[in-house]
Asks: 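Got a structure here, written out as structure tokens. Questions coming.
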Amino acid sequence: MAAVTRTLEHVKEVILSAHNCTSSDDKITFYNNWADNYDQDVAVLDFRAPSLAADSLSSHFTGDREAALVLDVACGTGLVAKEMKRHGFGHFVGVDASKGMLELAKKSGLYQDLRQCMLGEEPLPVQWGSFDVVLIVGALSSSHVPVGVVRDLCKATKPGGHVCMTTRSNSENLEYKAALECELKQMEEEGLWSRVEVTVVEEWERAVSEHEEGYISGSVYLYKTLPQ
């Protein structure tokens, strides 16, 4: 019955409470406590980023999907892997800081390997240049993950592989979004990758801030890594 009784107002209250989490330990505790209700809460928000990212990646991927090695960064409970599986991908490695989220990701049966890591505070626990596809969906936002993490995503990807990222365009995230896009462009100028497409989506998810109503917008960024 819990899934039925959780309303948009309740979900807003939960998400806004995360703003009180200032330390890494606080953030991890928040997500550990949220894990059991996460899927139903983001469904209430009409959180479309996992499907939007998977659709973007799928429309440009021309390799062997069943053989492709996919790194799902900030994997949470496995929503992105579920969408990628729908597109024919089947070999997933997940990384997340929350043990509670990783336990649910394991129960999904989608991942061949799961690793715990606090992004921005410790190295991404993977071998550089080993993944055909790297995704980070939902985590690139103010107070969550430092912009510089995108360089590790690029390093983890094979030459000619794809990196797919998302971020929100709500008012509180605009400064972060500008810094992110600056870093993405800088990496392109450095010859690390080339932009495949950027998709702007007006109805990204339901707004949770008291300053916004309806839906907020968001963007999907897809890049292809270049040989170094």
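Computed from a predicted model, the values in this text were never measured in an experiment.
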Asks: What heavy-atom pair brings Leu71 and Leu124 nearest, and what distance separates the two atoms?
Replies: CD2-CD2, 4.0 Å
Asks: Would you say that Glu122 contacts Gln116 through its side chain, given a criterion of any heavy-atom pair below 4.5 Å between the two side chains?
Replies: no
Asks: For the atom pair CD (Glu181) and OG1 (Thr167), what is the distance rounded to the nearest 0.5 Å?
Replies: 8.5 Å
Asks: Side chains of residues 87-105: which donor-acceptor partners sit under 3.5 Å, not counting sequence neighbours?
Replies:
| residue | atom | partner | partner atom | Å |
| --- | --- | --- | --- | --- |
| His87 | ND1 | Ser58 | OG | 3.1 |
| His87 | NE2 | Asp55 | OD1 | 2.8 |
| Asp96 | OD1 | Ser98 | N | 2.9 |
| Asp96 | OD2 | Cys75 | N | 3.3 |
| Asp96 | OD2 | Gly76 | N | 2.8 |
| Ser98 | OG | Asn32 | OD1 | 2.6 |
| Ser98 | OG | Gly100 | N | 3.3 |
| Ser98 | OG | Met101 | N | 3.0 |

Asks: Would you say the side chains of Glu172 and Ser142 form a donor-acceptor pair under 3.5 Å?
Replies: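 Note: Glu172 and Ser142 side chains miss the donor-acceptor criterion.
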Asks: With under 30° as parallel and over 60° as perpendicular, where do the rings of Trp34 and Tyr38 fit, or are they tilted in between?
Replies: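 Answer is perpendicular, since the angle exceeds 60°.
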Asks: Kindly give the heavy-atom pair with the smallest separation between Cys154 and Val163, and that separation in Å.
Replies: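 Reported closest heavy-atom pair: CA-CG2, 4.3 Å.
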Asks: Are the side chain of Ser17 and the backbone of Val14 linked by a donor-acceptor contact shorter than 3.5 Å?
Replies: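 Pair found, side chain donor or acceptor close to backbone of Val14.
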Asks: Is the shortest heavy-atom distance from the side chain of Asp72 to the side chain of Tyr111 under 4.5 Å?
Replies: yes
Asks: Atom CG in Asp25, atom CE in Met118: separation rounded to 0.5 Å?
Replies: 8.5 Å
Asks: Is the shortest side-chain N to carboxylate O distance from Glu188 to Lys185 below 4.0 Å?
Replies: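 Salt bridge between Glu188 and Lys185, a charged N being under 4.0 Å from a carboxylate O: no.
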Asks: Would you check if Lys82 and Pro50 make a side-chain contact, meaning some heavy-atom pair closer than 4.5 Å?
Replies: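 Not in contact.
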Asks: What pair of heavy atoms forms the shortest contact from Lys177 to Ser169, and how long is it?
Replies: CE-OG, 3.2 Å
Asks: Step by step, would you call Arg86 with Glu83 a salt bridge (Lys or Arg N to Asp or Glu O under 4.0 Å)?
Replies: CA-CA 5 Å; Arg86 185 170 59 84; Glu83 293 295 333; 2.7 Å; yes
Asks: Please answer whether the main-chain N or O of Leu184 pairs with a side-chain N or O of Trp193 as donor and acceptor at a distance below 3.5 Å.
Replies: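 The answer is yes, because a donor-acceptor pair under 3.5 Å joins these two groups.
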Asks: Which atom pair, heavy atoms only, marks the closest approach of Val147 to Ala179?
Replies: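 For Val147 and Ala179, the tightest heavy-atom pair comes out as CG1-O, 3.9 Å.
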Asks: Quick one: CZ on Arg168 to NE2 on His144, what's the gap to the nearest 0.5 Å?
Replies: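 One gets 7.0 Å once the value is rounded to the nearest 0.5 Å.
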